Amino acid sequence: MKDKIYLGLFNIFQWTVRHTPKKVLNAILNSLSWLIYILDKKHRKIIKTNLDFAFGDKLSKKEKDKIIKKCYKNMLYNLADFVKNQGISKEELLKKIEFKNEKILKDALKNGEKVILITAHYGNWELLPLSIAAFFGPLTAVGRALDSKTMNDILKRNREQYDIRILDKKGAMKGLINDLKKGRMVGLLVDQNTAESEGILIDFFGKRARHTPSAALLARRFNAKIIPTFISTNDYEKYTITFYEPIICKKTQNSEEDIRKCTQAQADITEKVIRQKPDEWFWFHKRWKNQYEEIYK
């Protein structure tokens, strides 16, 4: 029953996105984001808690309120772009994209190096792998399946355009290893909280947090380059994908410390990007729950 409801709502949204003039559509998206912001007290509180915890009084209440509202706007506009990208040609997709520092990735691929792209739930993160694969070649990424099978099938079809392979989060490491060996790029989202058994402790916004060591483990084992990659926009029409200096995971006698330093470097660049433009991060997530569960109560 739920699947039918989700599919029905998505079909209505999809039709609206595809058949409504841009100015009218933008007005609808803005109104919907405002309505969800008003009604969604639960997640509004989580975002506010995260912002208070990360920035303290370095951001004013007015600045934080502006970010909270922008989070809901981002969500609606990203979903609309998801609809627009279903079955889109490479040429049309890449018209929306500007690459910065692309030489970093081009050189790594040209030299036959193994590449691990890391990013966060930042900007239009669903558009990011499509753009990378459309321009640079085959990519393997990890994603969590949606609870709704119907909606997950739609998501999977969209995500697997342009020779993108999506691995389920559970048991993904084997597939990542195999595809790295085959010379495919692999991509990981590394900004979410993890369980005790799945993450290591690092500093994030000056607080202790659990962070996945997957990219560091793979990089150390295969001498791969970790290339931080983030997507951003100012108008939801043109998007900029920026490649940052590669993170090299050292291989000393102290493997535990090698992994910790490499993982901390990933957290550092993620924090740096978020601080530059905090309104594009997905603040809905309980990022610090593992170490500071009490702040979300």
Side-chain angles (χ1 to χ4, degrees), residues 33-79 118-126 128 142-144 169 188-216 226 228-234 242 244 247 259-297:
S33 67
W34 173 257
L35 179 61
I36 298 170
Y37 161 80
I38 294 297
L39 297 176
D40 186 22
K41 294 181 180 179
K42 176 184 175 181
H43 290 99
R44 205 167 69 225
K45 182 180 178 183
I46 291 172
I47 300 171
K48 176 65 163 54
T49 298
N50 282 333
L51 288 169
D52 287 342
F53 198 61
F55 292 104
D57 60 3
K58 291 180 181 178
L59 289 180
S60 67
K61 183 181 183 301
K62 184 178 180 180
E63 288 172 316
K64 291 173 184 174
D65 287 343
K66 187 176 179 181
I67 291 171
I68 295 171
K69 291 170 185 174
K70 188 69 178 294
C71 285
Y72 286 93
K73 186 175 180 178
N74 290 341
M75 184 172 60
L76 265 296
Y77 274 83
N78 286 351
L79 182 57
I118 63 152
T119 193
H121 293 84
Y122 185 87
N124 190 346
W125 68 86
E126 288 288 343
L128 178 59
V142 177
R144 188 184 74 82
K169 184 178 178 181
L188 295 168
L189 287 156
V190 297
D191 61 324
Q192 291 198 317
N193 179 55
T194 71
E196 295 275 346
S197 60
E198 297 175 348
I200 63 175
L201 284 174
I202 48 85
D203 291 320
F204 191 59
F205 281 85
K207 311 294 193 300
R208 302 298 279 165
R210 289 277 168 190
H211 194 293
T212 175
S214 298
I226 297 175
T229 309
F230 294 86
I231 186 169
S232 184
T233 185
N234 291 316
T242 304
Y244 292 82
I247 297 169
I259 297 301
R260 188 196 67 77
K261 287 181 177 179
C262 186
T263 305
Q264 181 64 61
Q266 296 168 55
D268 289 344
I269 186 61
T270 302
E271 178 182 334
K272 179 182 177 181
V273 170
I274 294 169
R275 284 186 180 277
Q276 289 172 347
K277 201 167 184 289
D279 61 1
E280 289 207 70
W281 193 40
F282 192 74
W283 291 95
F284 292 85
H285 175 66
K286 295 180 181 179
R287 180 62 183 96
W288 289 273
K289 183 179 179 181
N290 181 270
Q291 292 293 295
Y292 305 94
E293 188 174 2
E294 68 279 0
I295 69 171
Y296 297 106
K297 292 181 179 178

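The basis for the numbers below is simple: all heavy atoms, side chains too, and nothing from hydrogens, waters or symmetry mates. None of these values were measured; they are calculated from a predicted model.
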Could you tell me the separation between the [atom1] atom of [X] and the [atom2] atom of [Y], rounded to the nearest 0.5 Å?
X      : Y      : atom1 : atom2 : value
Lys45  : Ile47  : NZ    : CD1   : 13.5 Å
Arg287 : Thr49  : CZ    : OG1   : 15.5 Å
Glu63  : Leu51  : CD    : CG    : 10.5 Å
Cys71  : Leu76  : SG    : CG    : 12.5 Å
Ile274 : Phe205 : CD1   : CZ    : 4.5 Å
Lys169 : Leu189 : NZ    : CG    : 9.5 Å

Practice prompt. Step by step, work out the side chain to side chain contact (heavy atoms under 4.5 Å, CB included) result for Lys66 and Lys62.
Written response: CA-CA 6 Å; Lys66 187 176 179 181; Lys62 184 178 180 180; 5.9 Å; no
Without swapping roles, check the side chain of [X] against the backbone of [Y] for a donor-acceptor pair under 3.5 Å.
X      : Y      : result
Asn74  : Asp279 : yes
Arg44  : Ile38  : yes
Asn50  : Lys286 : no
Arg210 : Gln291 : no
His211 : Gln264 : no
Thr119 : Thr229 : yes

Discussion item. Can you tell me how the ring of Phe55 sits relative to the ring of Trp283, calling it parallel under 30°, perpendicular over 60° and tilted otherwise?
Written reply: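 Tilted: the ring planes of Phe55 and Trp283 meet at 30° to 60°.
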Discussion item. Is the ring pair His121/Trp125 parallel, tilted or perpendicular, if the boundaries are 30 and 60 degrees?
Written reply: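 Perpendicular: the ring planes of His121 and Trp125 meet at over 60°.
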Worksheet item: If you draw a 6.0 Å radius around NZ in Lys277, do more than 12 non-hydrogen atoms from other residues or ligands fall strictly inside?
Response: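 Buried by this count: over 12 neighbours within 6.0 Å.
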Worksheet item: Is it the case that more than 12 heavy atoms not belonging to Lys261 sit under 6.0 Å from its NZ atom?
Response: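 Count not over threshold, so no.
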Item to complete: State whether Lys272 and Asp268 are salt-bridged, where the test is any N-O pair (Lys NZ or Arg NE/NH1/NH2 against Asp/Glu carboxylate O) under 4.0 Å.
Response: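 Here Lys272 does not pair with Asp268 in a salt bridge, since their nearest N and O are not under 4.0 Å apart.
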Discussion item. Tell me whether Lys48 is salt-bridged to Asp52, with the criterion being a basic N under 4.0 Å from an acidic carboxylate O.
Written reply: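 Result for this pair is yes, salt bridge flagged.
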Does a side-chain heavy-atom distance below 4.5 Å link [X] with [Y]?
X      : Y      : answer
Ser232 : Thr242 : no
His285 : Asn193 : yes
Thr212 : Leu188 : no
Asp40  : Tyr72  : yes

Minimum heavy-atom distance between [X] and [Y], given as atom pair plus value:
X      : Y      : value
Gly199 : Thr194 : CA-OG1, 3.1 Å
Ala267 : Ile202 : CB-CD1, 3.7 Å
Pro278 : Ile67  : CG-CD1, 3.9 Å
Ala120 : Thr270 : CB-CG2, 4.0 Å
Glu271 : Gly206 : OE1-N, 4.4 Å
Tyr296 : Ile46  : CE2-CG2, 4.3 Å

Discussion item. Please report whether the ring centroid of Phe204 lies less than 6.0 Å from that of Phe53.
Written reply: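 No, too far apart.
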Worksheet item: Is there a donor in the side chain of Asp191 and an acceptor in the side chain of Trp281, or the other way round, less than 3.5 Å apart?
Response: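 Side-chain D/A pair, Asp191 to Trp281: present.
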Practice prompt. May I ask you to check if Arg208 and Tyr292 form a cation-pi contact, with NZ or CZ under 6.0 angstrom from the six-membered ring centre and within 45° of the axis?
Written response: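 No - Arg208 does not lie over the ring of Tyr292 by the 6.0 Å and 45° rule.
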Worksheet entry | Thr233/Tyr77 under side chain to side chain contact (heavy atoms under 4.5 Å, CB included): CA gap, chis, key distance, verdict | CA-CA 11 Å; Thr233 185; Tyr77 274 83; over 6 Å; no
